[in-house]
Amino acid sequence: MGRYYRLSKKITDDMATAILNEINELENVQTARITEDNKYLFVDTKDQQYPEVMTRALNICSRLGGKCELSFAGFEGGFQP
């Protein structure tokens, strides 16, 4: 079951593409996408490896998104961005 994370600031489409390219390359990521309005990041991991993946994803978002931070928004199915 995937999880949604709220982005702390507005990012550009180019930033979103760069962020997703790096996150999707992480070893335990099954899928990652950013909503069309660039407000939420959805991540689904292999074998529930969220702590490891999200630590790396937070660093990627901060570096490529101009110090953008993440906060948990909800689980897939129970949250609609």
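Keep in mind that the numbers below use all heavy atoms, side chains included, and drop hydrogens, waters and symmetry copies.
- Listed by first and then second residue, the salt bridge (Lys or Arg N to Asp or Glu O under 4.0 Å) pairs involving residues 66-81 amount to none (not counting sequence neighbours).
- Atoms CG and CG, from L20 and L64 in turn, are 10.5 Å apart once rounded to the nearest 0.5 Å.
- Side chain of N38 to backbone of I11: a donor-acceptor contact under 3.5 angstrom is found.
- Atom CD of Q30 is separated from atom CD of Q49 by 12.0 Å, given to the nearest 0.5 angstrom.
- Qualifying ring pair (Phe, Tyr, Trp, His ring centres under 6.0 Å) partners for Y40, counting only residues two or more places apart in sequence or in other chains: F79.
- Applying the salt bridge (Lys or Arg N to Asp or Glu O under 4.0 Å) test to every pair with at least one member in residues 15-34, sequence neighbours left out, gives these pairs: E22-R63.
- Listed by first and then second residue, the ring pair (Phe, Tyr, Trp, His ring centres under 6.0 Å) pairs involving residues 6-25 amount to none (not counting sequence neighbours).
- Annotation: ring pair (Phe, Tyr, Trp, His ring centres under 6.0 Å) contacts of Y50 (sequence neighbours excluded): none.
- Cluster membership check: F72 does not share its hydrophobic cluster with Y4, using side-chain heavy-atom separations under 4.5 Å among Ile, Leu, Val, Met, Phe, Trp and Tyr.
- I19 CD1 to L41 CG: the interatomic distance, rounded to the nearest 0.5 Å, is 8.0 Å.
- Shortest non-hydrogen contact noted between I23 and A57 is CD1-CB, 3.9 Å.
- Contacts of T12 classified as side-chain contact (heavy atoms from CB on, under 4.5 Å), with partners at least two apart in sequence or in another chain: D14, M15.
- With rounding to the nearest 0.5 angstrom, the OG1 atom of T35 is 10.5 Å from the CZ atom of R6.
- You'll find the side chain of Y5 reaches within 4.5 Å of the side chain of M54, heavy atoms only.
- Without hydrogens or angle criteria, S62 side chain to L58 main chain gives no donor-acceptor distance under 3.5 Å.
- The two residues N24 and A32 make their nearest non-hydrogen contact at OD1-N, 3.0 Å.
- Connection of V53 to F42 is not established within any shared hydrophobic cluster, with ILVMFWY side chains joined at heavy-atom distances below 4.5 Å, either directly or through further cluster members.
- For residues 35-57, no pair satisfies salt bridge (Lys or Arg N to Asp or Glu O under 4.0 Å), with sequence neighbours left out.
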